[in-house]
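Here the structure comes first, spelled out in structure tokens, and everything after it is commentary.
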Amino acid sequence: MAWSILESWGVQLLQFLTFLVIARYVDATMLGIVAMALLVGQWFQMIILSGISASLVSKGTADADLDDTAFWISAAAGALLLIATFLLADWVERTAAHQGLGMVLRWLSVANFLGALNVVPQAWLTRALLMRPLATRSTISTLVGGIVGIALAVAGYGVMALVAQNLAVAVIGTIILWAACPMRPRLRFSREKARDVLFYGRHVGVTGAANFFNANADIMVIGLALGGAATGIYTVGKRALLAANLMLARALSRVALPVFSQLKGDPPRLAKAFLRIVSATSSITTPAFVGLAIVSDEFIFLLFGPRWAAAADVMRYLSLFGALQAIGIYNQSLMLAMGKPQWQTWLAGIYALVNIVTFFFAVEYGMAAVAAAFTARAYILYPLSVWPVVVLLPLGWRDYWKALRPSVVASLVMAVFLWGFRFALAGQAPIPMLLSTVIAGAAVYMVVLGLVGRTIVIDMFHFARAGGKRVSSTS
């Protein structure tokens, strides 16, 4: 977990700083085109590659024949996507009516193919809980990609700066990953192992398809209904949420699947571990996302500039969604670890259907309405995501709420306090307002959390101290 946290914070900080600089040199339309092109890679990752990876990680133990078979399946899938993208890119550009989209799709298809080659070594390291080489790979590749993207953006290359950034990350990451992983694919293919991968992966893949629409239907609807410029503005507001979510939540959730898989034979111990990790994550992410919603105006103005001011409302609503998403990730990991991927498939399908219908009605009222609808759907339907947890583990709804209650109560008290605090400081310049809000909010939250959730504070202190010692001993 310590190495996973270091990776998430380092990578997301680098990515966000890179995005921040590039956004000042390219216009909203260019950002919108690249955002739409990147959807292909996300679709491939969530529908195809995630199922292959999950089948390997959930195995819990090394299986060379399974790894070899999975590699050739993923490589073949990547090659097919590469060919299809080159053949269909122009048609997609004409259909979407976004000039330049075809060229961007072709270039980024190379990065998608490299992602297919990387899925097995990455799963191999994750299954072995070897997070240090993964952290090194992500950090270095992100840094190199950021340097390339910023240099080209400053030089006036526009959309190609964003394309080159993504390609550099993919190429450097592939080189480092294969150098760090001792696994090497052999010319072996087992039909039996292929059936295992495809049987397990089909549910994860269908779930990934639904999750893809859950995560990106807002961008697709806005892109088709409001155009590339609106998509670019919406992407800026959403990018802040994605960076914060990956920094604060994905670091722990990345470890959740292999850990839950190893503990599934001991349900009482797994239930205890599940509640502790949900509680710990919520104690960090809930106040962070609530805080982002409160300071969204100053955040967008200071970091991106006044021309992106319309993204503040998008960020405000999506930040409230992020507070829920950060803990909901564990519900999916638990279902995968317990061999119930089909449950998540049904849930994701329901969410996707509701999202698409809701967005088509909300887009008429603008980008902020789409973001608000996204968040409202998440909170209304969240109990459906918790239901499998209470069925699979020896715990009840009250136990789940008890794990979340301290951070939720402390965050609500913080939000009420900051509402009055900011009202009293109305008219202040953006920088003093942002700094004073962050400092005051953090102080109030920590005091209230210490009163209502003392056990969580102690757990976090011990985790930080143990993690620091482990990282120091392996550096």
Side-chain angles (χ1 to χ4, degrees), residues 5 8-9 11-20 23 215 218-219 233-253 280-306 308-329 367-379 382 404 407-423 425 428 430-446 448-449:
I5 289 175
S8 291
W9 278 77
V11 169
Q12 291 309 310
L13 181 60
L14 289 171
Q15 287 184 348
F16 190 75
L17 290 176
T18 300
F19 185 82
L20 180 66
D218 49 351
I219 291 179
I233 293 173
Y234 190 90
T235 300
V236 168
K238 192 172 185 178
R239 187 65 183 81
L241 164 70
L242 292 176
N245 189 32
L246 290 170
M247 286 175 67
L248 298 172
R250 294 291 178 88
L252 297 180
S253 67
T281 301
S282 179
S283 68
I284 299 172
T285 58
T286 301
F289 285 119
V290 171
L292 278 175
I294 293 172
V295 302
S296 60
D297 288 315
E298 294 85 9
F299 187 93
I300 295 294
F301 179 84
L302 291 172
L303 294 185
F304 293 96
W308 299 101
D313 287 337
V314 174
M315 178 181 171
R316 181 175 296 111
Y317 290 117
L318 291 182
S319 294
L320 296 177
F321 163 74
L324 196 65
Q325 183 188 37
I327 56 173
I329 293 172
M367 296 177 294
V370 174
F374 196 106
T375 300
R377 187 280 303 164
Y379 277 87
Y382 188 71
L404 298 178
S407 58
V408 172
V409 171
S411 296
L412 289 176
V413 172
M414 178 192 75
V416 172
F417 170 82
L418 289 180
W419 180 82
F421 179 80
R422 287 169 63 84
F423 181 80
L425 295 180
Q428 289 287 328
I431 293 180
M433 178 67 84
L434 178 63
L435 292 177
S436 59
T437 301
V438 171
I439 294 172
V444 170
Y445 175 77
M446 291 305 298
V448 177
L449 185 65

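Predicted, not measured: the structure shown is a model, and the values here were computed from it. Just so you know, these numbers use all the heavy atoms, side chains as well, and skip hydrogens, waters and symmetry mates. We number each residue from 1, following the sequence as shown.
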Residue list, side-chain hydrogen bond (donor to acceptor under 3.5 Å, both in side chains) with Thr286, at least two apart or on another chain: Ser282
Under the salt bridge (charged side-chain N to carboxylate O under 4.0 Å, His left out) test, residues paired with Arg377 that sit two or more places apart: none
Within 6.0 angstrom of Leu425 CG, more than 12 heavy atoms from elsewhere: yes
Leu292 vs Met315 side-chain heavy atoms within contact, under 4.5 Å: yes
Could you tabulate the donor-acceptor pairs under 3.5 Å formed by side-chain atoms of residues 368-376, not counting sequence neighbours?
| from | atom 1 | to | atom 2 | distance (Å) |
| --- | --- | --- | --- | --- |
| Thr375 | OG1 | Tyr317 | O | 2.6 |
| Thr375 | OG1 | Ala371 | O | 3.2 |

Which atom of Tyr445 lies closest to which atom of Pro287, heavy atoms considered: CZ-CG, 3.4 Å
side-chain contact (heavy atoms from CB on, under 4.5 Å) partners of Val408, counting only residues at least two apart: Trp401, Leu404, Leu412
Non-neighbouring partners of Tyr382 that pass side-chain hydrogen bond (donor to acceptor under 3.5 Å, both in side chains), sequence neighbours left out: Asn331, Tyr400
Pairwise distance CG(Leu318) to CD(Gln325) - rounded to 0.5 angstrom: 9.5 Å
Residue pair Leu324 / Ala378: nearest heavy atoms and the distance that separates them: CD2-O, 3.3 Å
Over all atoms of both residues, closest heavy-atom pair of Phe289 and Ser319: CB-O, 3.2 Å
Qualifying salt bridge (Lys or Arg N to Asp or Glu O under 4.0 Å) pairs, either residue in residues 434-445, two or more places apart: none
Beyond-backbone contact of Pro430 with Phe299, side-chain heavy atoms, under 4.5 angstrom: no
For Ser411, all residues meeting side-chain hydrogen bond (donor to acceptor under 3.5 Å, both in side chains), sequence neighbours excluded: none
Pairwise salt bridge (Lys or Arg N to Asp or Glu O under 4.0 Å) hits with a residue in residues 311-329, at least two apart: Asp297-Arg316, Asp313-Arg316
Reported CD1-to-CD1 distance for the pair Ile284 and Ile327, which is rounded to 0.5 angstrom: 13.0 Å
Can I get a per-line list of side-chain donor-acceptor pairs under 3.5 Å for residues 415-422, giving both atom names and the distance, sequence neighbours left out?
| from | atom 1 | to | atom 2 | distance (Å) |
| --- | --- | --- | --- | --- |
| Arg422 | NH1 | Thr437 | OG1 | 3.1 |
| Arg422 | NH2 | Ile294 | O | 3.4 |
| Arg422 | NH2 | Glu298 | OE1 | 3.2 |
| Arg422 | NH2 | Glu298 | OE2 | 2.9 |

